[in-house]
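Computed from a predicted model, the values in this text were never measured in an experiment. Note on naming: letters A, B, ... go to the chains in the order of the sequence lines (proteins, then strands), and numbering restarts at 1 for each one.
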2 protein chains.
Amino acid sequence: MTDSLEHRPSALQPMVRKLEYWSKLDEMDRAAILALPHAVKSFDPHAYIVREGDVTTTSCIMLSGYSIRHKLIGDGSRQIVAIHMKGDLVDLQNSLLGMADHSVQMLTPGRVAMIPRDEMVRVAFERPNVGKAMWTDTLVDASMFREWIANVGRRDSTTRVAHLLREFSLRLKVAGLGEETDYELPMSQEQLADATGITSVHMNRTLKGLEVKGLIERRNPQSIHIGDWKMLASAGDFNPAYLHLKEREVA
Amino acid sequence: MTDSLEHRPSALQPMVRKLEYWSKLDEMDRAAILALPHAVKSFDPHAYIVREGDVTTTSCIMLSGYSIRHKLIGDGSRQIVAIHMKGDLVDLQNSLLGMADHSVQMLTPGRVAMIPRDEMVRVAFERPNVGKAMWTDTLVDASMFREWIANVGRRDSTTRVAHLLREFSLRLKVAGLGEETDYELPMSQEQLADATGITSVHMNRTLKGLEVKGLIERRNPQSIHIGDWKMLASAGDFNPAYLHLKEREVA
DNA sequence: CGGGAGGTTGACAATCGTCAATCAGAGTGG
DNA sequence: CCACTCTGATTGACGATTGTCAACCTCCCG
């Protein structure tokens, strides 16, 4: 993990893009975001950005790479509750509350911009457009958590996995990170299992089942090819309303 | 369902109490909250406050009674994702996003204050203390959703139910609605099942199991007596950190 | 007194977990 | 280049938790 101060304002461009998605911003709003003091850190795979129990004073934005949020369970297992990619405001969740109730861990190598919490709050209230966008972002996160509850609570393993794969493909497309029919899934089968609340052995069988049904193809364990994303969405009981995307991106 | 304009400012007192819990408020903050335009509606049990798919323009605060949030699943089942009680800001979640991605339904008779969304947003940015409190409230909701994911994703049925019962008892105490060792649970076994991701038949057996182990007693299906809440918390893998309560209330 | 919602129970089935072995691929040091 | 090792993927046999189906019960209320 390296640590470096970042002076090019463009480092926070993914944050502007993200917030602009939720709320109309003017030039001064954009300038205020880009002017936020921040440090860019590079993380290795498996490195923790925040650990459950940490006292948190910085928020962070993913600049590249992928990360997950997860909680530890009493019996030693874990539950992944979110997957994050470029542009995601990863830690408003923990930082505004003062103490991390869950961990954020890198899946791949990646760069993260760390911003002091107080500066985030200051900008949020000095520039209401920015504040509304941040608030909306946290609300959409909450909506995604609700869908995640429904996924692990009431769907069978095949449906759960299809749902996760389809959500990931759509989010990649919206973030401008790839096509929705072909992508590299940066997770091991054990991590997928921790995300869907099943065991890694059962995840292996479930993926095979999806492949046998012709819903996905895999050249290697990480690469996912979706032949017909409408069929996969249907198999995954996937309705993108909970992502609160703009119309044109859903279809 | 009756509809009446409410002029006594005291109707929003539960909202002041709730927001004051999250952020220090001064006299003007409190006055601004109490001055919010609102209508008080009375709802019957099972009545919907908001339905999945509704276009939402009002936020609401529970003044009395209990409600749940739930999502419908493709196979016709449903998943309850939250339980709400007096003082809870139920629908910032839906209203700020414009379209409801889930439903909110009454469990018991109850009164709800409906506040125009735009007024909520206005106060949030005119009075940053209030805005921070609202933001914090939505973040705590998100934290509770994460714990709920972990509950349905990685715990067995007995642990899930014990966790839910213990969380409910602690929240009741914090809300000033009762003791943590004796309370009326306003949910049928089918609703409890929909909250924990199991079937109602299995819920029945799980509750009996908790009773046989001496962790709870039930005089009738709704009344829960917790003999030793520390034991129940332990059986439910319950660590209240995710509720972000103040120290003195956790012990 | 009749109807209905919710609770309770038993028998059986299905999904999913556990355990354990094997395999495949990447990286390392000799 | 070749063992060696480690992580993750794959598979089979078996067991446990949970779901399904169906019956019956209990209480409340009109």
Query raised in the report: Is the shortest side-chain N/O distance from A:Asn204 to OP1 or OP2 of D:dT10 below 4.0 Å?
Result: yes
Requested in this report: Could you check how far CD1 of A:Ile198 sits from C1' of D:dT18, rounded to whole Å?
Outcome: 16 Å
Query raised in the report: How many angstroms lie between CD in B:Gln189 and CE in B:Met203, if you round to the nearest 0.5 Å?
Result: 8.0 Å
Requested in this report: Using atom CZ of B:Arg219 as one end and atom C1' of C:dG7 as the other, report the distance to the nearest whole Å.
Outcome: 19 Å
Report task. Verify the distance criterion only: is there a donor paired with an acceptor across the side chains of A:Ser77 and A:Asp75 at less than 3.5 Å? Result -> yes
Query raised in the report: Heavy atoms under 4.0 Å, any strand shown: does A:Ser200 hit a base, just sugar-phosphate, or nothing?
Result: nothing
Requested in this report: Can you tell me the distance, in whole Å, between the CD1 atom of A:Ile224 and the P atom of D:dA9?
Outcome: 11 Å
Query raised in the report: What is the distance from CD of A:Gln222 to P of C:dA24, rounded to the nearest Å?
Result: 18 Å
Report task. Using a strict cut-off of less than 4.0 Å between a Lys/Arg side-chain nitrogen and an Asp/Glu carboxylate oxygen, indicate whether A:Asp141 and A:Arg69 qualify as a salt bridge. Result -> yes
Query - B:Lys208, nearest nucleotide to its side chain (from D:dT18, C:dT9, D:dA9) - result: C:dT9
Report task. Write down the distance between CG (A:Asp156) and C1' (D:dT20), rounded to a whole number of angstrom. Result -> 15 Å
Below 3.5 Å is the cut-off: list the nitrogen or oxygen pairs between protein and nucleotides 25-27 of chain C, distance only.
none

Query raised in the report: Can you check whether B:Arg205 has a side-chain N or O nearer than 4.0 Å to OP1 or OP2 of C:dA11?
Result: no
Query - Flag if over 12 foreign heavy atoms under 6.0 Å of NZ, B:Lys18 - result: yes
Requested in this report: For the side chain of B:Val201, starting at C-beta, report the closest nucleotide among D:dA22, D:dA13, C:dG7.
Outcome: D:dA22
Report summary line: By nearest-heavy-atom nucleotide on DNA chain D, the more 5' of A:Arg154 and A:Arg218 is A:Arg218
Query raised in the report: Per the side-chain contact (heavy atoms from CB on, under 4.5 Å) rule, which among A:Ile83, A:Ile216, A:Leu165, A:Leu107 passes with A:Leu185?
Result: A:Leu165
Report task. Find the distance A:His202:NE2 to D:dG8:P and express it as a whole number of Å. Result -> 21 Å
Report task. Consider the side chain of B:Thr199, meaning its heavy atoms from C-beta on, and name the nucleotide among D:dT20, C:dG7, D:dA9 that approaches it most closely. Result -> D:dT20
Query raised in the report: What is the distance, rounded to the nearest whole Å, between atom CE of B:Met203 and atom C1' of C:dG7?
Result: 13 Å
Query - Side-chain N or O of A:Ser188 closer than 4.0 Å to phosphate OP1/OP2 of D:dG8 - result: no
Query raised in the report: Would you call B:Glu147 and B:Arg155 a salt bridge, using N to O less than 4.0 angstrom?
Result: yes
Query raised in the report: Would the number of heavy atoms belonging to other residues, nucleotides or ligands and lying under 6.0 Å from CD of B:Glu179 be above 12?
Result: no
Query raised in the report: To the nearest Å, how far apart are B:Glu211 CD and C:dT8 C1'?
Result: 12 Å
Requested in this report: Scan A:Gly197 against the nucleic acid and name what it touches under 4.0 Å (heavy atoms): base, sugar-phosphate only, or nothing.
Outcome: sugar-phosphate
Report task. Could you work out which one of C:dG10, C:dC16, D:dT10 sits closest to the side chain of A:Gln189? Result -> D:dT10
